[in-house]
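Sequential numbering from 1 along the given sequence is applied to the chain's residues.
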Amino acid sequence: MTSNTRVVVIGAGLAGVRLARRLGELGTPVTLVGDEEHRPYNRVLLAEVLAGRYSPDVIALPAPAELTRARVTGIDREARTVECADGSKIAYDRLVLATGSNPVLPPLRGLFTPDHVLPEGVHAFRTMDDCLGLSKAVRPGAKAVVIGGGLLGVSAARALAQRGAQVVLAQQGERLMERQLDPSASKLVQRHLKDLGVEIHTECRVRDVRCVGGAVRSVEMADGYALDADLVVLACGVHPRVGLAQVAGLDVRKGIVVDDELRTSDPYIHAIGDCVQHAGTVYGLATPALEQADALAELLAGDLTARYTGTRSLTRLTLTGHDSPFDLAAFGETEALPGDDVVQLADATRGTYRKVVVRDDRLVGGVLVGELGTVGALARAWEGAEPLPSDGGPLLHLLTNDGGS
């Protein structure tokens, strides 16, 4: 690529901002297009804003100078332009879609008003506007129902409890964070939330949102039990934001399909972040998005050998309570298969739990709750996928040595 190649990035989230910044450092001019009124921000930390720990300014990202605020409505692949809602057009030589993801809105009766908007008191939890709206609405003693017990739901419930709300978390699955954690770690998360005053209902399907005068009043479960609610938070997951790509005729399956050069089915259009499907996987996590941005920056800046070959991602969450933080980390396969070796260490008094799963002398996954001093060394052993020594000594050392990271 030449120095006057026009690179346009749609999406000013973590992936888009990282790419624009890296391209700037590598001397490649870039136009970043974002449709939110706020400064670009780290979406991962929205729960900390809701909890009152951080102001929105603290989680702002260093945005490049060339930031255009516009809502892109279409892509003309033949003319190589993007069309904006205000009628303007932006020409590109290389286009990058970093459009992120949208919240999943469950099919509940009463969820939308006749005008197809959420009733007063019902909030998604995905954007800064969602966070600020929820933060403005919450007050001490307010009855809040969080629907969803994954990473997002747990974070939202904890934040609302810290703001003094009476929080009920309704999870359809049998335990909290079941995609990331094993049953023992899930129990420790549940205990932590209960210590903060959160009431938890698992294996509990929400059927109906009841409103009076356009404002939420209660949530009804499938068994007929009703929960009073001043606030309802929808934390049911996210799905890739692929509308622009679909209308443009790009290959879209679960996400926008890209190859190892993060190139879509159009050789002049790339995609990174939550909207992407690479080698059959949609990550929806920060680490893969940042690694994709770095790889694409190198490629667009002229390194033709740069490739993205996938991420082995680690989930990490810090829940801050009234006393001390509650940390957890999980990676790989946290549930053992027949024939796997499992090493577990638990300390009920300190509330710590560590477990690793070994298959064919290789570390394939682990979960740690409480003290995370060993997580760095364990993650490196997992990422390297090297055979472990047969005597198991070094593995036990990794689990117990808090200086391991």
So, [X] side chain and [Y] main chain: donor-acceptor pair closer than 3.5 Å or not?
{"X": "K254", "Y": "G280", "value": "yes"}
{"X": "S265", "Y": "L250", "value": "no"}
{"X": "Q277", "Y": "I256", "value": "no"}
{"X": "T81", "Y": "I90", "value": "no"}
{"X": "R163", "Y": "S135", "value": "yes"}
{"X": "D35", "Y": "R71", "value": "no"}
{"X": "K355", "Y": "T334", "value": "yes"}
{"X": "D347", "Y": "T352", "value": "no"}
{"X": "R53", "Y": "L50", "value": "no"}
{"X": "R77", "Y": "A248", "value": "yes"}

Going by an N to O cut-off under 4.0 Å, is there a salt bridge joining [X] and [Y]?
{"X": "R210", "Y": "E220", "result": "yes"}
{"X": "R18", "Y": "D294", "result": "yes"}
{"X": "R69", "Y": "E36", "result": "no"}
{"X": "D259", "Y": "R263", "result": "yes"}
{"X": "R312", "Y": "E383", "result": "no"}
{"X": "E48", "Y": "R158", "result": "yes"}
{"X": "D340", "Y": "R362", "result": "no"}

Quick one: does [X]'s side chain get under 4.5 Å of [Y]'s, heavy atoms only?
{"X": "F125", "Y": "C131", "value": "yes"}
{"X": "Q172", "Y": "T202", "value": "no"}
{"X": "L111", "Y": "P106", "value": "yes"}
{"X": "E178", "Y": "Q171", "value": "yes"}
{"X": "V238", "Y": "R126", "value": "yes"}
{"X": "H123", "Y": "L234", "value": "no"}
{"X": "F326", "Y": "V189", "value": "yes"}
{"X": "L151", "Y": "L317", "value": "yes"}

Point-to-point distance, once rounded to the nearest 0.5 Å, from CG of N102 to SG of C275: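 Taking CG in N102 and SG in C275, the distance rounds to 10.5 Å.
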Straight-line distance of E333 CD to D182 CG, nearest 0.5 Å: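 Here the rounded value is 13.0 Å.
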Exercise: do [X] and [Y] side chains pair donor with acceptor under 3.5 Å:
{"X": "N42", "Y": "Y54", "answer": "no"}
{"X": "H201", "Y": "E199", "answer": "yes"}
{"X": "D303", "Y": "T305", "answer": "yes"}

Option from L160, I147, V145 for which side chain to side chain contact (heavy atoms under 4.5 Å, CB included) with V233 holds: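 So the option named by the test is L160.
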Derivation of the side-chain hydrogen bond (donor to acceptor under 3.5 Å, both in side chains) call for D260 and T309: CA-CA 6 Å; D260 287 0; T309 55; over 6 Å; no
What heavy-atom pair brings [X] and [Y] nearest, and what distance separates the two atoms?
{"X": "V364", "Y": "W382", "value": "O-NE1, 3.5 Å"}
{"X": "P40", "Y": "V17", "value": "CB-CG2, 3.6 Å"}
{"X": "R241", "Y": "T99", "value": "O-OG1, 2.8 Å"}
{"X": "V44", "Y": "A286", "value": "CG2-CB, 4.0 Å"}
{"X": "V369", "Y": "A185", "value": "CG2-CB, 3.7 Å"}
{"X": "S186", "Y": "L181", "value": "OG-CB, 3.8 Å"}

Test salt bridge (charged side-chain N to carboxylate O under 4.0 Å, His left out) applied to E335 and R359, R175, R179, the passing residue: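 Between E335 and the candidates, salt bridge (charged side-chain N to carboxylate O under 4.0 Å, His left out) is satisfied uniquely by R175.
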Verdict with supporting geometry, D230 and R139, side chain to side chain contact (heavy atoms under 4.5 Å, CB included): CA-CA 10 Å; D230 302 307; R139 63 185 187 281; 4.0 Å; yes
Sequence neighbours excluded - ring-ring contact (aromatic ring centres under 6.0 Å, His included) pairs with any residue from residues 250-301: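 Residue pairs with at least one partner in residues 250-301: H278-Y308.
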Enclosure of D86 CG (heavy-atom neighbours >12, cutoff 6.0 Å):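 For D86, atom CG is crowded (more than 12 foreign heavy atoms under 6.0 Å).
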Stepwise side chain to side chain contact (heavy atoms under 4.5 Å, CB included) test for L314 and T287: CA-CA 8 Å; L314 180 146; T287 300; over 6 Å; no
